[in-house]
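First up is the structure itself, then whatever we jot down about it.
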2 protein chains.
Amino acid sequence: MKYNKKKNKCNGNRERDYGLMNPTIHDIAKRANVSISTVSRVVNNPLAVREEKRQRVLEAIKELGYEPNPFASGLRDRLTKTIVAIIPDIANPFYASMFRGIEDTAREQRNNVMICNTDRNEERFFEYMRYFKKKKVDGIIFASDPLKEHYYKGFEELNIPVVLAATKSEDHLLPYVKIDDYQAGYDAGMFLIRNGHKRIGMISGPKSDPIAGQPRYEGFLASLKKYERLADDSVVFGDFQYDSGYSGMGKLYGKHPDLTAVFAASDEMALGAMAFLQRRNIDVPRQVSVIGFDNIRFSRMITPPLTTISQPIYEIGKEAAMLLYDWIENRDTIPKGKQLQHELIVRDSVSNRNT
Amino acid sequence: MKYNKKKNKCNGNRERDYGLMNPTIHDIAKRANVSISTVSRVVNNPLAVREEKRQRVLEAIKELGYEPNPFASGLRDRLTKTIVAIIPDIANPFYASMFRGIEDTAREQRNNVMICNTDRNEERFFEYMRYFKKKKVDGIIFASDPLKEHYYKGFEELNIPVVLAATKSEDHLLPYVKIDDYQAGYDAGMFLIRNGHKRIGMISGPKSDPIAGQPRYEGFLASLKKYERLADDSVVFGDFQYDSGYSGMGKLYGKHPDLTAVFAASDEMALGAMAFLQRRNIDVPRQVSVIGFDNIRFSRMITPPLTTISQPIYEIGKEAAMLLYDWIENRDTIPKGKQLQHELIVRDSVSNRNT
DNA sequence: TTGTACGCGTTATCAT
DNA sequence: ATGATAACGCGTACAA
């Protein structure tokens, strides 16, 4: 009774400043001469309402430009229309490009995507997890580090779809989108071999990294062993960052001053290696060739322009987001992951020793 | 009556699966033996409640791990708890760093920030504007290009707070956060002069750019004129990107092969200039010195490491976001903008000619 | 099939 | 200073 009066008064008020106000489910109901539940049904379960009314409602929705209020439905505990991208650092161009892929498909779905920069810090990761328990999100794209066991546990608690981008899980079957890192490492080695290099070194990522570390390392080794090139002790391990590339090249050069080519598992490490060489007045590529990995924006801007393995990083993000939405829409079938193709970008940092 | 019964039943239910459940304001209230209004006050306006009770409430909040439900408050106050960052491209490290500043303060406010990459494309900008008219946002940080007149018109329609980051508006008084670009250009010129350079060139941004273009150009000119160094026709104009730096250096070198130093209005253009020189076997910095602008992540990773003017870009983002939140909270007083300090980062790309 | 009314958690208003 | 309660917009159990 009292309730009803209030409601009417409320609607009455709203009519006045129309156009400014966002139409609600009530406005649509009135316009279409149905009840709010009918409107709600049309939106959420269209088949449950008679054709004729459905049309009326649909029309009213169009005319008034109705969009459900995400806070109201969020409060009621449904989808929040936002997904999360967990990445190490958006200021890293590699992840930034991936993010653009994610973002573009999210926009197509009229969805929001929230960035979480972990800075590779576990504490921050779990902080986010706690936050998500409150403020629900529909799904997660995880692109930070290899997926550790307790990270997985965190996801499990949330009980929402998670897909992996440029990484994968050994023990759990979460869908992932990535390239074939083993093959890519193999290809890098082969490229050097085909260019006549005999003594080849590598600056690898950490062996403990089951994605960008070990596979690239092993693919590379395989190519070398096949042609009986130098191997094993001509490999040094870094953390993908510039400084470890610089110092890694230093170690390598100390042990094997006769190296003619080096494969770095990231472009940043390749930059570091080149910096070391150039500061020692060792010419790249004439004396030592360098091949990188990632094809970041700046790899073409340095001197000499860097030959590198390109990951289709934008597409990885895009594909991962699409998989995620598939899963969100159809909660009970886990989508299958995908392998995307890498590509060798030939620029000027590798010399041909065959001639 | 009926109401009360329901409430009790509900709370009764909740007690059981505690630990799993997120505590609400009601749970805190009960625990602290106060009303929910008091709890709400403690959270939003602590000074309005007596010390003793406040402590009790605070303690209960700690113990139960209460966090306000953003959906509920969003529903109440019509704020969407999301702001928008309009930038050219998140894959550009300059904007990525700014974004991190924005994001970090947004997170403090338990807010979401949505990225809009315009790619410097007007069409995309207005697409976003249309989107915002539907799905409201609380405020905007604009960091894309100079603010054109019809962009401003777009904002006006939305009728929400907008603050400018690393840019400003000539005609409208939107708050902005930026450095003093004129002074920065002046400082760059002075640094070259103090290092004994006599014939100095510049690769500027477009003169039509009233922020990163003209002021840096004029500040630079002012320093040169003061000491009667070469000026005017030793300036060439680019678009801040790598390629224009490369070709710009080409033009400059064609006209003035005797130049000993060049100031580039962006690090990317500086990279381009260095690439041109190095490919001509002109040594940097021995034969030609280069100073850049921005201090992007990679400026220290090239050979030689780039001397440059550093914008506190993270802080610019952070400060802009804080201004925006001030404005959102207090809709009727436009906050005043801020000028932040730039800094000269001396590395190895400028030689000293005095000795 | 359709409509009514309650509850989600919070804040603001109004009494006290 | 504190407490009761309406209202925000939506979804859904239940009634019709």
Side-chain angles (χ1 to χ4, degrees), chain A residues 1-14 21-30 32-54 56-57 61 64 66-81 134-136, chain B residues 1-11 13-14 21-30 32-54 56-57 61 64 66-81 110 135-136 329:
Chain A
M1 217 31 174
K2 206 170 96 193
Y3 230 64
N4 257 326
K5 245 182 199 152
K6 283 272 158 72
K7 225 168 237 170
N8 287 334
K9 188 180 150 230
C10 156
N11 271 334
N13 275 346
R14 186 170 296 127
M21 216 61 180
N22 272 336
T24 77
I25 203 170
H26 290 97
D27 302 315
I28 306 298
K30 195 185 283 185
N33 251 314
V34 297
S35 76
I36 59 163
S37 2
T38 303
V39 177
S40 180
R41 279 186 207 105
V42 170
V43 173
N44 299 300
N45 186 16
L47 355 72
V49 50
R50 206 191 303 285
E51 171 66 18
E52 178 222 4
K53 291 202 177 194
R54 196 193 322 156
R56 285 218 310 272
V57 171
I61 289 181
L64 270 49
Y66 165 76
E67 297 229 15
N69 179 324
F71 288 95
S73 30
L75 190 56
R76 281 293 296 168
D77 225 347
R78 285 206 60 230
L79 262 37
T80 55
K81 303 283 188 198
K134 288 252 82 147
K135 182 166 169 59
K136 316 242 180 209
Chain B
M1 219 21 174
K2 208 169 94 191
Y3 232 65
N4 258 327
K5 245 184 198 149
K6 283 273 160 70
K7 226 169 241 174
N8 286 334
K9 189 181 150 231
C10 156
N11 271 334
N13 275 345
R14 187 172 294 129
M21 213 61 184
N22 279 328
T24 77
I25 204 171
H26 289 98
D27 302 315
I28 307 298
K30 195 184 285 183
N33 252 313
V34 297
S35 76
I36 60 165
S37 335
T38 303
V39 178
S40 179
R41 278 189 208 101
V42 169
V43 172
N44 299 302
N45 187 16
L47 354 72
V49 50
R50 204 189 303 284
E51 172 66 16
E52 178 221 4
K53 292 201 176 191
R54 198 195 319 160
R56 285 216 313 271
V57 171
I61 289 181
L64 269 49
Y66 166 75
E67 298 227 17
N69 180 325
F71 290 100
S73 24
L75 186 56
R76 263 290 319 177
D77 54 26
R78 312 193 93 97
L79 258 37
T80 56
K81 307 283 188 198
R110 324 190 134 281
K135 185 169 171 60
K136 311 240 180 218
E329 264 174 48

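Please read all numbers here as calculations on a predicted model, not as lab measurements. Per chain, numbering begins at 1; letters A, B, ... match sequence-line order.
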Measuring only between side-chain heavy atoms, which start at C-beta, is Leu75(B) closer than 4.5 Å to Asn69(A)? yes
Closest contact, heavy atoms only, Ile25(A) versus Tyr66(A): N-CE1, 3.6 Å
Value in whole Å for how far the C1' atom of dT1(C) lies from CD of Glu52(A): 12 Å
Rounded distance (nearest 0.5 Å) linking atom NE2 of His26(B) with atom NZ of Lys30(B): 9.5 Å
Does a side-chain N or O of Thr38(B) approach OP1 or OP2 of dG3(D) to a distance below 4.0 Å, or not? yes
Please tell me if the side chains of Val43(B) and Ile61(B) come closer than 4.5 Å, counting only heavy atoms from C-beta onward. yes
Protein-proximity profile, nucleotides 10-16 of chain C, B/S/- by nucleotide at the 4.0 Å heavy-atom cutoff, equals BBS----
With heavy-atom distances below 4.5 Å as the criterion, would you say the side chains of Ser73(B) and Phe71(B) are in contact? no
Sorted by chain and number, sequence neighbours left out, side chain to side chain donor-acceptor pair (under 3.5 Å) with Ser35(A) holds for Ser37(A), Thr38(A)
Round to the nearest Å and state the distance from Lys30(B) atom NZ to dG3(D) atom C1'. 17 Å
Rounded to whole angstroms, how far apart are CG on Leu75(B) and P on dG11(D)? 12 Å
